[in-house]
There are 2 protein chains.
Amino acid sequence: MTQGLTLEDQIVVAIRRIIRAIDVHSKQLVEQVGLTGPQLMTLKVAAELGTASVGALAKAVHLSGPTLTGILDRLVRRGLINRVTATRDRRSVVITVTEKGYETLASAPSLLQERFRQKLEGLAEWERTMLLAAIQRMAAMMEAGEMEDVPVLDGEMLIDASVPGETPRIAPFIEGESISGGHDDVNERNYG
Amino acid sequence: MTQGLTLEDQIVVAIRRIIRAIDVHSKQLVEQVGLTGPQLMTLKVAAELGTASVGALAKAVHLSGPTLTGILDRLVRRGLINRVTATRDRRSVVITVTEKGYETLASAPSLLQERFRQKLEGLAEWERTMLLAAIQRMAAMMEAGEMEDVPVLDGEMLIDASVPGETPRIAPFIEGESISGGHDDVNERNYG
DNA sequence: GCCAATTGGTTCGCGCACGAACCAGTAAGG
DNA sequence: CCTTACTGGTTCGTGCGCGAACCAATTGGC
């Protein structure tokens, strides 16, 4: 097994397996709830935030604006979210989850992340720590392509990335902006 | 500063960082040689194989047929490879690298994989082994979603590197028009 | 008040990635 | 032979994913 493969090759192959696993899971989701991974993820985060601008949402799910716009288009088309312009700052677009959106969420299977998390919980503490250290180191080595060399990290300097779990918690960072509070001064937006 | 992030979250974030690093590298490649990661990888593997059918090539780079077809379209358009039908079995399409393709390869920077490899070499043996074990385990955990089949990677050369997109900006897609090369067991194929 | 920056989102163009459907061709059976 | 099955590639449709360009508001200067 894998005799011709160098150790380095095997690592790269493993990364590919991970990427592919994410993709496979996304396709399974489509069959089960008609939503892709990114869509479900976005819906979930939107539900946690309750009310959020597109920008804040993009940050929370770690996607670029244009990408999120496309995903939101699909979610709107399925009637899972509302997309409304704020009256306060009319550039801002506020996202909320519809009734149907919450229903969908209730019956939706877990994200790959969550399943993965469960598996992680089956491991010993030291194993998890080791996995984390290893993959972070890997990430650092790959990022070091152009910029300075591998930062010395022990697993502390991390990005914010509140990639949502299921723990109902409000994103702490939301780009301090007026959107957050529950101010409902929004109007329907008539997208064609 | 590691605020509310659980260990599991951090792992997921690290995976994102890796995927993103691959993407970033692909974009750098576009600026340097006008080829994306997948394109360069495909060209490289094609050069190593010398002569290969689309199917064999797809297997070697771990991409689906349709995906590879698109990449080959772009490589043909740039005159880096030839695409001809075999006379023996006229269903089969044989891929070869053109002179220009070899020149491009000669001046091309390394794949992410190779830079990554150099960094790996800077590590101690036990560290590399640990990294491999960790990421393989991670991959296995993620794959274990639905089907329980063991990975099984066929023992060939499994080069690989990048994944998603960037933007080279060329003309819109056209049907590949084969650029002539020597005949062997193959004939020119006239698409369109 | 008015025009220049800035900010928030969307649109546009391109590439990757894949499954399903679709054509060849080729091989198998009669 | 002729029909059926299968195989190799491409085409089609969908969904990411992003940067650049683009509006539309808002803010900053003066």
Side-chain angles (χ1 to χ4, degrees), chain A residues 16 19-20 22-24 26-27 29-31 34-42 52-59 61-77 83-95 175 177-179 189 191-192, chain B residues 16 19-20 22-24 26-27 29-31 34-39 41-42 52-59 61-77 83-95 161-173 175-176 189 191-192:
Chain A
R16 215 168 231 282
I19 293 174
R20 175 153 174 66
I22 293 171
D23 188 53
V24 165
S26 180
K27 286 178 171 43
L29 277 182
V30 171
E31 290 175 8
L35 291 181
T36 66
Q39 285 168 20
L40 180 54
M41 163 84 121
T42 300
S53 69
V54 170
L57 197 49
K59 209 157 236 183
V61 296
H62 294 280
L63 291 175
S64 70
T67 297
L68 191 58
T69 292
I71 292 173
L72 292 178
D73 284 346
R74 280 159 224 128
L75 290 177
V76 166
R77 205 167 57 211
R83 194 196 227 162
V84 182
T85 61
T87 51
R88 183 73 61 73
D89 181 343
R90 304 236 302 278
R91 291 169 304 182
S92 180
V93 173
V94 172
I95 302 299
E175 164 110 1
E177 233 304 279
S178 57
I179 306 113
R189 174 160 182 173
Y191 284 92
Chain B
R16 275 181 184 273
I19 293 175
R20 171 149 182 69
I22 291 170
D23 186 51
V24 165
S26 181
K27 290 187 195 337
L29 275 182
V30 172
E31 290 175 9
L35 290 182
T36 66
Q39 285 168 18
M41 174 175 73
T42 300
S53 68
V54 170
L57 198 48
K59 207 159 238 182
V61 296
H62 293 279
L63 291 175
S64 71
T67 298
L68 191 58
T69 292
I71 292 173
L72 291 178
D73 285 346
R74 281 159 225 128
L75 290 177
V76 166
R77 204 166 58 211
R83 193 198 228 162
V84 281
T85 63
T87 51
R88 209 51 153 297
D89 182 342
R90 302 235 299 279
R91 290 169 304 181
S92 179
V93 173
V94 172
I95 302 299
S162 353
V163 167
E166 65 312 303
T167 307
R169 60 180 276 94
I170 326 154
F173 62 87
E175 288 302 312
R189 174 164 184 169
Y191 288 89

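Lettering of chains follows the sequences in order, A, B, ..., and the numbering in each one begins at 1. Keep in mind the model is a prediction, meaning the values are calculated, not measured. Reckoned from all heavy atoms, side chains included, excluding hydrogens, waters and symmetry mates.
Each of C:dA17, D:dG9, C:dT10 was ranked by its minimum atom distance to the side chain of B:Thr67; first place goes to C:dA17. Out of C:dA17, D:dC18, D:dG9, the shortest distance to the side chain of B:Lys27 is found at D:dC18. In this structure, of D:dC18, C:dG8, C:dC18, it is D:dC18 that holds the atom nearest to the side chain of A:Leu63. Distances from the side chain of B:Pro38 to the nucleotides C:dG8, C:dA17, C:dG15 place C:dA17 closest.
The separation between A:Leu40 atom CG and D:dG15 atom C1' is 15 Å, rounded to whole Å. To the nearest angstrom, P of C:dC14 lies 17 Å from CG of B:Leu35. When the P atom of C:dA17 is taken as reference, atom CD of B:Gln39 falls 10 Å away, rounded to whole Å. Rounded to an integer number of Å, the gap from B:Ile71 CD1 to D:dG9 C1' is 15 Å. Rounded to an integer number of Å, the gap from CD1 of B:Ile22 to C1' of D:dC18 is 16 Å. Atoms CD (A:Glu31) and P (D:dG15) sit 15 Å apart, rounded to a whole Å. Rounded to whole angstrom, the span from the CG atom of B:Leu68 across to the P atom of D:dG8 amounts to 14 Å. One atom, CZ of A:Arg74, and another, P of D:dT14, lie 11 Å apart when rounded to the nearest Å.
In this structure, the side-chain contact (heavy atoms from CB on, under 4.5 Å) partners of A:Val30, at least two apart in sequence or on a different chain, are A:Thr36. Every residue meeting the side-chain contact (heavy atoms from CB on, under 4.5 Å) condition with B:Arg20, not counting sequence neighbours, appears here in chain and number order: B:Asp23, B:Val24. Residues meeting the side-chain contact (heavy atoms from CB on, under 4.5 Å) test with A:Val54, sequence neighbours left out: A:Leu68, A:Leu72, A:Val93, A:Ile95. A search for side-chain hydrogen bond (donor to acceptor under 3.5 Å, both in side chains) contacts involving B:Thr69 returns nothing, not counting sequence neighbours.
A pairwise comparison of heavy atoms in A:Pro38 and A:Ser26 identifies CD-OG, 4.1 Å as the closest pair. Contact record, B:Ala86 with B:Val94: CB-CG2, 4.0 Å, taken as the closest heavy-atom pair.
One finds a side-chain N or O of A:Thr36 lying less than 4.0 angstrom from the OP1 or OP2 phosphate oxygen of D:dC16. Considering only side-chain N and O atoms, B:Ser92 lies under 4.0 angstrom from the phosphate OP1 or OP2 of D:dG9. A close approach under 4.0 Å does occur between a side-chain nitrogen or oxygen of A:Ser53 and OP1 or OP2 of C:dG9.
Comparing B:Gly70 and A:Gly70 by the nucleotide of DNA chain C that holds the closest heavy atom to each, the one mapping nearer the 5' end is A:Gly70. Ranked by how close their nearest DNA chain D nucleotide is to the 5' end, A:Arg77 and B:Arg20 are led by A:Arg77.
For the pair B:Thr67 (side chain) and B:Leu63 (backbone), a donor-acceptor distance under 3.5 Å is absent.
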Listed pairs, N/O of protein and of nucleotides 21-26 of chain C, under 3.5 Å:
residue	atom	partner	partner atom	Å
C:dG25	N2	B:Arg91	NH1	2.9
C:dT26	OP1	B:Arg88	O	3.3
C:dT26	OP1	B:Arg90	N	3.1

